[in-house]
Amino acid sequence: MPGRNGWMADIYVEVPAKAVDRPYSYLIPDEWREEVQIGSRVQVPFGPRTLIGYVVDVREGELPPRVKAIQEVLDLQPPLTPELVGIGRRMADEYLCTTITALQAMVPSVLKGTYQKKITLATDYDQREVSASLEEMFGSLSQAISEGNGVISWDEACQIQGIHRGILKRLSEQGFIRIHEVVGDKITKQTTTWVWLTSPSDGEMMLRDLPKRAMKQREVFSYLLEKGVEVPLPDLLSATATARTTVKSLVEKGIISWEEREEYRDPYAHRTFEQTTALSFTDEQAAAFEAIMKPIEQGEAETILLHGVTGSGKTEIYLQAIAEVLVKGKEAIVLVPEISLTPQMVDRFKGRFGSQVAVLHSRLSSGERFDEWLKIRRGEVKIVVGARSAIFAPFERLGIIIIDEEHESSYKQEENPRYHAREIAQWRIQEHQTALVLGSATPQVESYYAARTGEYRLVNLHKRVHGRPLPEVEVVDLREELAQGNRSMFSRSLKTELMECINRGEQAVLFLNRRGYSTFVMCRDCGETLACPHCEISLTYHETNRTVRCHYCGYASQLPKCCPQCESEHIRHFGTGTQKVEAELGKAFPGIRVIRMDVDTTSRKGSHERLLHDFGAGRADVLLGTQMIAKGLDFPKVTLVGVIAADSMLHLPDFRAAERTYQLLTQVSGRAGRHEYLGKVIIQTYSTDHYSIQAAAEHWIEDFYRQECQMRKLHLYPPFRRLYTMVISHPDRVRVLQYGQEIARSLNQGTFQYDYQVLGPVPAMIPKIKDRYRLQIMIKYEANPDLNAYVKERVRQATQVQDDADLRIQVQRDGV
DNA sequence: AGCACGCCGACT
DNA sequence: GTCGGCGTGCTC
């Protein structure tokens, strides 16, 4: 029998599994014909279940044989735009994830479905018909249901003695209970009650009619009469020091009215922003501005790499470009690394553009996040400033995308979908034919190379805005210090400078890439190193509570009194962590005030901001910290920056090690002498000759990129090759190797025909995490469309060797 | 990912 | 015989 014709929607359901990663077609009931659009979130029956799904296409045609119908359209406006739906499908293809995972990454998490089963008693059953075998079960179940006011959840029911899936199913089939599937989401709305005078013109008369004794009511009344406008109830209550009941009685008399209104949760409600106006440009800034405006004016897609030293005024250029975009009636996305989404950054945008700005970052509650997102979706704001995921802001007339500090690793998502915000940005500017601005003092090598070869437009900002010179950098050779008999972690130079800095009443920032007290604990007799029992990684000693901790899985235990291997008591900790530096500072500089910032001191909400605020207010002489203090800090009194061990990341087995070292040193140096005082930077290292350290010290930007590109070319790394890195993990040491070899063999099959290399399997950088053994396979190939497609397909097939639930395969792509 | 269906061993 | 274990296959 030929199928009927009708309107259908193609839908991806909320099941993140390969097996159902395809659109299913559903009938659109006539009454929803207009509501159901590409991007709509809908509720549909799926097998025996009811699920939420996203519409990716709406079409008229022949209906599938056993088509089901859409049950509900869940939002007034589709959460996704057709452009974003397209991006989601492309992400699934590029990043080898399911389409639904990609789509869900683009919307606030509160839109994700919640699924529950509830049980009620059937209304019309005959108690006598309950069979003997079920009688007892039904008895305790119906008691539990009545205790739960007529309803209990499936999970609660299953916890009752003797009740399980089969029993509930039988009771339901025989008509004694009803099982309800409850589909919902986590959307919550904040409401505020607003109060106003029902008829202000009769005010005087009504006031007269109030009982003489009702003082509070009179007070409330006068307050509203005086205000003459609608007032939020909380404001009224606090201004007149009244209880809610007083207001309620006035409402009941009909004298005043109130109403609950939905409103946005505004994380910045209690902040005022100082209005700022456009500053005038230097010549360099003006040229950069022109370069950015050109593609915007001409309506073409172009990426501009804005390579500017710290303090060269990039933000002001962003602000003025955005202002122009707004004039054209278009919208702007500004991405900022999570860590630098500080109040200062938000102030600058809110100060210039006020309520046209939405802010999205991970410190918002999910409700706040949703509200900020709603403002974007409804077109109530024109600018979004946010972290990585803000690249998915559902704007429809996008006029510019700005990625500040574009080299930051936080633009890359480390879980599925493993996207890079920079790549999504490229797709979006193609769609909207406009400008993407990548700003950085230390661009990623790939970006710099793309700019050099003309793929991006390169704009340099060499000068700091107020003409401040870059700080003087001294590289201290730690081998030399050791030879001179200085075994402390502070070189003579650093000691002297730090002493002088403090005596002048100025501040210093000390940087160390390791938290904890020491880096590892070793037995001096047998050489045994304490390792995490769940991860093959050495444990770090923490002095405060004499524990050893794993920084990967959080495992912690007391420092053992003797070596677990040979029972010797000579176990000692080696290496240097932030805690140890803090202790040593105290010894070397009695009375010194130190603020330590690392994961351990900033884990509580708001502690990050508080520590920075204290330092800014001069409550410490030294700010000592890890990675997190390298970025975007701007304190006028900081004149000395010290890097305790610049080598710490240089020797990691990662092709970006030199790049990261260079970037970090340059960023850290930028923290010194940003205002009226001159700055000094001291870099301590064992590798004084390494080009990444020299280039950072001498501010030889070009030199670094030239040398690094040579290295990358020589060793076949990005930007000259693309990489896929597969990490294969399994709880069984032997099985993981078998799978690894099998996968490598399958990947190798194409190498006779196509030009790509498969390296591995080798143990991954961390060979065991959380009781799973990890192997790595790397694939290198030259980027061209044919190879891209072929290798991607090979990798896709390789990941599908999944007959073992314990086997996990992660894939990430690099060099795009 | 669930959930049903279906085919096998242990128990009333 | 019946119950419930888990392997297989499907979901418009």
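In what follows, chains carry the letters A, B, and so on, assigned in the order in which the sequence lines appear, proteins first and then strands, with residues in each chain numbered from 1.
Applying the 4.0 Å criterion to OP1 and OP2 of B/dG2, one finds that A/Arg49 has a side-chain N or O inside that range. Between C/dT11 and A/Tyr24, no contact under 4.0 Å exists linking OP1 or OP2 to a side-chain N or O.
Atom NZ of A/Lys169 is separated from atom P of B/dG6 by 11 Å (rounded to the nearest Å). With rounding to whole Å, A/Gln71 atom CD is found 17 Å from C/dT11 atom P. The CZ-P distance, from A/Arg22 to C/dC10, rounds to 11 Å in whole Å. In this structure, A/Ile70 places its CD1 atom 13 Å from P of C/dC12, rounding to the nearest Å. The distance from atom CG of A/Leu168 to atom P of B/dA4 is 12 Å, rounded to the nearest whole Å.
Under a cutoff of 6.0 Å and an axis angle of 45°, A/Arg59 and A/Trp7 do not form a cation-pi pair.
Ring orientation note: the planes of A/Tyr790 and A/Tyr756 are tilted relative to one another, at an angle of 30° to 60°. Below 30°, between 30° and 60°, or above 60°: for A/Tyr419 and A/Tyr95 the angle between ring planes is between 30° and 60°, a tilted geometry. Between A/Phe138 and A/Phe176, the ring-plane angle classifies as tilted under the 30° and 60° cut-offs.
Side-chain contact between A/Tyr115 and A/Leu51: present, with at least one pair of heavy atoms (C-beta onward) separated by less than 4.5 Å. A heavy-atom distance below 4.5 Å is not found between the side chains of A/Asp806 and A/Tyr739.
Residue A/Lys117 is in sugar-phosphate contact alone, with no base atom involved, counting any heavy-atom pair closer than 4.0 Å across all strands shown. Counting non-hydrogen atoms under 4.0 angstrom, A/Val67 reaches the backbone sugars and phosphates but no base. Looking at heavy-atom distances under 4.0 Å, A/Tyr26 makes contact with sugar-phosphate atoms alone, never a base. At a threshold of 4.0 angstrom between heavy atoms, the contacts of A/Pro45 are confined to the sugar-phosphate backbone, with no base atom among them.
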Grab the N/O contacts between the protein and nucleotides 2-6 of chain C below 3.5 Å, and write none if there aren't any.
unit_1, atom_1, unit_2, atom_2, d
C/dG4, OP1, A/His164, NE2, 3.3
C/dG4, OP2, A/Arg170, NH2, 3.2

Worked verdict on A/Arg422 versus A/Gln444 for side chain to side chain donor-acceptor pair (under 3.5 Å): CA-CA 11 Å; A/Arg422 201 198 300 117; A/Gln444 188 166 315; 2.7 Å; yes
